[in-house]
Amino acid sequence: MNSKNSHPTTVGEYLLARLCTLGTKHIFGIPGDYVLRFNQLIEQHPHIQFINTTRENSAGFSANAYAHLKGLGVACVTYGVGIEIISALAQAYIENYPLVIISGAIAEREYKKNKKCHHLMNKVATEHGDCTQLEIFKNLTIDHGLLHFPSTAAAVIDRVLHSCLEHKKPVYFELPRDMVDQPLLHLPTISSTSTSSTTPIPDLDKVLNETQRILSNCHYPLIWAGHEILRFNLNSPLLRFAEKYNIPLVSSLLGKTVIDEHHPLFIGVYQGEMSSDKTLETVKKCDCLLIAGVIFNDIDTGIFTTKLDHKHQIVVNHDSLTIDHHHYSLSLVDYINGLNNLTISQSFSLPYASRHETVIKKFSAVSETKTTMKRVFECLQTHLTSEHIVVSDVGDSLFASSDLVLAQNSFLSNPYFTSIGTGIPTAIGAQFADPSRRVVAIVGDGGFQMSAMELSTAVRYHLDPIVIVLNNHGYGTERVLLEGDFNDIVNWNYTQIPLVLGGGVGIKVATEEAFQQALEKAFSQRNTFYIIEVDLDKTDFSPSLTRLGETLGKIVKSEN
Ligand SMILES: Cc1ncc(C[n+]2csc(CCOP(=O)(O)OP(=O)(O)O)c2C)c(N)n1
Ligand SMILES: [Mg+2]
């Protein structure tokens with residue numbers, strides 16, 4: 001296309017043109033000789049910027065955050081050595097991120113001359129090249145495209161991107177280095193991937209009638225909304241339905257901020273016995289639970305302590321629906337949109353406490369008092385508005401964050417894959433996706449040591465996340481389960497990191513007052529990142545982590 005022309009003529013240009021149409025403005029990655037020409041093509045693109053990260057895994061986690069907020073994320077790596085992106089790929093697979101991974105590869109003619117080339121693994125070798133990486137990635141992607149043939153490349157690109165968006169799952173492209181500039185032989189018309197159809201949807205009427213019958217016969221319905229509502233952009237239709245009939249909602253942790261948590265109908269994050277008492281009580285009281293887009297994993301079910309024995313239960317996911325044990329093949333999208341066509345004569349009034357009623361609005365620091373996990377989060381809560389995106393690493397940061405009351409679509413973590421070291425790259429991706437909002441990343445000292453270098457990316461691109469490092473001197477979450485020296489880590493001079501990176505501000509605090517002052521300073525200044533290290537006691541855990549630890553500890557002991 002050459003950047004001025006809007007008609008892509010080569011394989012590389014077509015791939016970028018399609019990504020651009022789908023809203024991609026940033027591609028995260030690290031260059032390498034098998035992908036350099038494609039990197040250059042990105043650099044020449046008028047609307048897409050290549051963002052250098054410090055590790056491929058970070059590129060993937062940043063792209064997942066971008067996918068969360070913008071609907072599609074893209075990471076670009078070189079062959080073989082870029083394989084460490086697999087951790088982010090796994091997160092995308094199980095937490096439903098539409099992530100596109102593009103990997104460079106050796107040219108077929110080079111490979112035919114000599115297979116023993118750098119980065120190649122050659123465990124699975126074919127006439128076209130080393131297929132080892134593909135074989136590994138295949139297990140964690142919904143579709144893939146080997147862009148070896150100019151005659152089919154455009155159609156393959158279209159199909160694979162369509163699969164990614166349809167299933168909200170990651171996909172993989174392998175682009176041999178000599179194919180980037182190959183002219184496309186067949187150029188399909190660029191069309192939108194969403195199709196509108198007037199064909200009747202099988203089972204829809206039956207399911208809506210059944211829903212109507214159940215709702216007309218129950219008194220206390222409740223909605224448990226999960227992350228699929230966010231991924232499939234169903235927040236508005238779901239909330240419209242809830243508001244019409246006054247049906248309260250809880251969310252899963254993976255789906256946290258599926259609606260604005262200040263909304264009067266929002267009760268809290270529901271995680272079985274790990275939930276707050278009020279949330280748990282309300283869920284127990286309801287007589288019809290509509291579970292929409294939730295995965296029943298251990299964290300979201302409070303280690304499988306959810307007792308789902310309500311009189312009526314409707315469970316709907318991306319591609320399946322069950323009403324009181326009857327199965328239907330109806331999609332989440334069709335069902336949630338269909339709910340707004342229902343007419344039910346009553347409006348409901350389940351007695352419950354809205355989450356926002358209990359939000360702490362003012363924080364008064366007690367002077368000369370060492371701060372605690374509980375007080376850190378109370379103080380933070382009073383500073384947060386809809387202008388902020390909260391990112392949490394995994395560890396007590398995540399469990400404590402579950403109690404924050406936040407605006408819609410303003411919480412990112414990985415509560416199902418639960419990888420530590422994701423907080424900083426997620427914060428980087430979130431700021432690129434939504435530069436208008438300030439990102440606050442809460443990370444444990446262990447997770448921070450895995451990903452601190454990604455703040456280098458913040459320096460390079462003038463990003464300004466506020467990073468709160470909860471320094472409880474080691475792997476606190478693991479300590480709750482089983483104590484040992486393996487849970488200790490080196491106590492870094494966290495606040496000196498800006499000196500090494502050439503940007504940012506570091507503040508170390510130990511008291512309530514100092515934390516409050518540090519937060520005020522950080523929130524009042526944009527254009528530079530902040531590291532606020534909070535010195536905590538080794539055994540200072542949030543109430544939520546304490547409950548999780550007790551439950552998990554029993555399981556670990558019973559299995560040894
Ligand atoms: C990549 C990865 N490695 C190991 C683990 C196991 N793990 C779970 S929590 C945790 C400790 C995290 O320590 P820190 O970040 O300091 O948070 P804390 O638990 O102290 O709040 C570890 C090692 C993991 N979840 N992810
Ligand atoms: Mg720690």
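In listed order, ligands and their atoms are each counted from 1.
Note on ring orientation: taking the six-membered ring where Trp is involved, the planes of H318 and F232 are parallel (angle under 30°, cut-offs 30° and 60°).
With hydrogens left out, the protein atom closest to atom 21 (O) of ligand 1 is D396 N, 2.9 Å, a heavy atom. Nearest protein heavy-atom neighbour of atom 25 (N) of ligand 1: T418 O, 2.8 Å. Distance from atom 26 (N) of ligand 1 to its nearest protein heavy atom, with residue and atom name: I420 N, 3.1 Å. Protein heavy atom in closest approach to atom 13 (O) of ligand 1: Y475 CD2, 3.3 Å. Protein heavy atom in closest approach to atom 17 (O) of ligand 1: G444 CA, 3.8 Å. Scanning the protein for heavy atoms near atom 19 (O) of ligand 1, the closest one is T477 OG1, 2.4 Å.
The distance from ligand 1 to the heavy atoms of G447 drops below 4.0 Å at these ligand atoms: 14 (P), 15 (O). Those atoms of ligand 1 with a heavy atom of N472 less than 4.0 angstrom away are 18 (P), 20 (O), 21 (O). Which parts of ligand 1 touch G446 is read off a 4.0 Å heavy-atom cut-off, strictly below it: atoms 14 (P), 15 (O), 16 (O). Applying the 4.0 Å criterion to heavy atoms of G476 picks out, from ligand 1, the atoms 18 (P), 19 (O), 20 (O).
Both the backbone and the side chain of D445 come within 4.0 Å of ligand 1, judged by heavy-atom distances. If you look at E478 next to ligand 1, the close heavy atoms, those under 4.0 Å, all belong to the side chain.
Residue contacts with ligand 1 include S419, since one or more of its heavy atoms lies under 4.0 Å from the ligand. At least one heavy atom of G474 sits under 4.0 Å from some atom of ligand 1.
S419 and N414 form no side-chain donor-acceptor contact under 3.5 Å, judged by distance and modelled atom types alone. When only modelled atom types and interatomic distance are considered, D464 and Q431 share a side-chain donor-acceptor pair under 3.5 Å. Inspection of the H473 and D535 side chains reveals an N or O donor paired with an N or O acceptor under 3.5 Å. In the model, T54 has a side-chain atom that pairs as donor or acceptor with a side-chain atom of E454 under 3.5 Å. Side-chain contact annotation: D537 with T539, donor-acceptor N/O pair under 3.5 Å absent. Looking at H118 and D33, their side chains do bring a donor and an acceptor atom within 3.5 Å of each other. For the residue pair E478 and N487, no side-chain donor N or O sits within less than 3.5 Å of a side-chain acceptor on the partner. Q133 and S103 share a side-chain donor-acceptor pair at under 3.5 Å. Between the side chains of H119 and Y34, no donor N or O sits under 3.5 Å from an acceptor N or O.
A 4.5 Å side-chain heavy-atom check between E261 and K256 finds at least one atom pair inside the cut-off.
Distance CG/N64 to CG/N96: 11.0 Å, rounded to 0.5 Å. L501 contributes atom CG, which lies 5.5 Å from atom OG of S456 (distance to the nearest 0.5 angstrom).
Only protein N, O or S atoms were considered, and those under 2.8 Å from the Mg ion (ligand 2) are D445 OD1, N472 OD1, G474 O.
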